[in-house]
Amino acid sequence: MRAAEGGAHEDGGKHISGGEKLARFEDLQENALYLMQKAFTHARGTPDFFQLKVEAISEPIQFIPPLQPKWHDVKTVSKGRQLAKHFLSQCGIGDSVIEQSFVELEQNYHVRGAIVIDVHTGRRIDDRENRGIRVTRFDWDPNSYKKWLKEESIKDNTRMKEAIALATKVCSHEATVAELCWSDDPDYTTGYVASPNFGYQRISPLKELGDEQGGRIIFVDLKEDLESYLSFLEKTPVLIGWEEKEWI
Ligand code: WAQ
Ligand code: MG
Ligand code: MG
Ligand code: MG
């Protein structure tokens with residue numbers, strides 16, 4: 001789903017909301033309604049453009065267990081961003097690449113997907129301009145999500161649910177080194193650094209309340225070609241959780 005105000009994205013409209021779901025056929029209408037509600041009750045504004053794409057998936061779906069979340073509360077945004085840089089540096093990313101990535105993010109808040117950066121050069125390597133890379137075809141397996149909340153004693157939070165699912169898919173690829181994110185929604189200040197080695201490091205706050213500038217950076221160390229990496233992010237179906245008989 002994608003929604004914009006002031007016309008469609010490609011006609012210069014302001015991005016309001018995007019969303020992706022992966023569900024069983026019998027849950028199709030419920031999920032479509034969810035995405036519609038998400039777009040039309042959004043803190044960034046009221047869309048006058050809304051588009052929903054529905055695709056059947058025939059290939060087998062991979063199950064991936066969720067990244068482990070850790071919580072970090074900080075006093076100021078600047079301390080939050082410092083901590084984010086610290087986690088990125090723990091992932092082996094060089095200081096100049098980290099600094100460059102923050103500049104890249106701050107200069108490209110209008111991008112409605114993720115920006116992919118080469119971890120060695122710090123340069124943006126996707127060619128999607130304002131679209132960026134939309135990670136799609138992923139979702140929580142509903143039963144696994146319920147089980148996970150209970151086992152981890154975590155309160156249901158749709159934002160975190162969706163962000164952990166996305167980060168888990170991104171980090172499940174061997175070329176992914178880390179992901180950095182904060183929301184473009186003015187009412188949501190928590191962000192994260194996710195990585196295959198250190199899990200999902202939630203940092204609050206990573207931006208000021210009221211700020212509509214947010215985005216995502218994915219740091220990659222590519223051993224195969226870029227197109228097959230992007231195709232994994234955009235096309236490979238993934239469910240977060242643990243496989244149960246009923247999905248087979
Ligand atoms: N694929 C790639 N990039 C995306 C996607 C996607 N599916 N969805 C959003 N983005 C990019 C896009 O540039 C948005 O502007 C930016 O990320 C932020 O998206 O409490 O809510 O959906 O643990 O506003 C993180 C913390 C919340 C959650 C992130 O992001 C928590 C959030 P938003
Ligand atoms: Mg979103
Ligand atoms: Mg948003
Ligand atoms: Mg953005």
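Just so you know, these numbers come straight off a predicted model, no measurement behind them.
Look at D27 and K21 and you find no salt bridge, because none of the NZ, NE, NH1 or NH2 atoms lies under 4.0 Å from a carboxylate O. Note on E20 versus K169: no salt bridge recorded, every NZ/NE/NH1/NH2 to OD/OE distance being 4.0 Å or above. The pair E59-K235 fails the salt-bridge criterion, with no side-chain N (NZ, NE, NH1 or NH2) lying under 4.0 Å from an Asp/Glu carboxylate O. With respect to the salt-bridge test (charged N to carboxylate O, under 4.0 angstrom), the residues K161 and D156 do not qualify. Ion pair E55/R137 flagged as a salt bridge, since at least one NZ, NE, NH1 or NH2 atom sits closer than 4.0 Å to an Asp/Glu carboxylate oxygen.
Between S195 and F198, the closest side-chain pair of non-hydrogen atoms falls below 4.5 Å. The closest side-chain heavy-atom distance from I61 to V238 is not below 4.5 Å. In this structure the side chain of D221 reaches within 4.5 angstrom of the side chain of H120, judged on heavy atoms. In this structure the side chain of T121 never reaches within 4.5 angstrom of the side chain of V97, judged on heavy atoms. Side chains of M36 and L52 form no contact here, defined as non-hydrogen atoms less than 4.5 Å apart. The closest side-chain heavy-atom distance from R124 to I217 is not below 4.5 Å.
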Hey, mind stepping through R216 and I115 against side chain to side chain contact (heavy atoms under 4.5 Å, CB included) and telling me if it holds?
CA-CA 6 Å; R216 277 184 158 93; I115 292 164; over 6 Å; no
Check the pair E104, I117 against side chain to side chain contact (heavy atoms under 4.5 Å, CB included), reporting the backbone distance first and the verdict last. CA-CA 9 Å; E104 192 74 44; I117 283 187; 4.0 Å; yes
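For K70 and Y200, the positive end is not near the middle of the six-membered ring at less than 6.0 Å and at most 45° from its axis. Taking the centre and axis of the six-membered ring of F50, the NZ or CZ atom of R2 falls outside the cone set by 45° and 6.0 Å.
Proximity of a side-chain donor or acceptor of D185 to a complementary backbone N or O of D187 within less than 3.5 Å is not detected.
Counted within 6.0 Å of CZ on R159, heavy atoms from surrounding residues, nucleotides or ligands total more than 12; the atom is thus considered enclosed.
Note: W182 and F102 have tilted aromatic rings, judged against thresholds of 30 and 60 degrees for the angle between ring planes.
Atom CG in D95 sits 12.0 Å away from atom CD in Q100 (nearest 0.5 Å). Rounded to the nearest 0.5 Å, atoms CD1 (I218) and CD1 (I133) are 8.0 Å apart. In this structure, NZ on K53 lies 7.5 Å from OG1 on T136, to the nearest 0.5 angstrom.
Ring centroids of Y192 and F87 are separated by 6.0 Å or more, keeping the two rings apart. For W148 and W140, the ring centers are positioned less than 6.0 Å apart. Aromatic rings of H9 and H15 (six-membered ring for Trp) have centroids within the 6.0 Å cut-off, being under it.
Taking both residues in full, the closest heavy atoms of Y109 and G215 are given as CD2-N, 4.5 Å, listed atom of the first, atom of the second, then distance. Closest heavy-atom contact between F40 and P47: CE2-O, 3.6 Å.
P186 pairs in a side chain to side chain contact (heavy atoms under 4.5 Å, CB included) with only one of the listed residues (E208, E212, K207), which is E212.
Side chain to side chain, S228 and E224 meet the donor-acceptor criterion of an N or O pair below 3.5 Å.
Linking ILVMFWY residues whenever their side-chain heavy atoms come closer than 4.5 Å, directly or via other members, places L206 and L83 in the same cluster.
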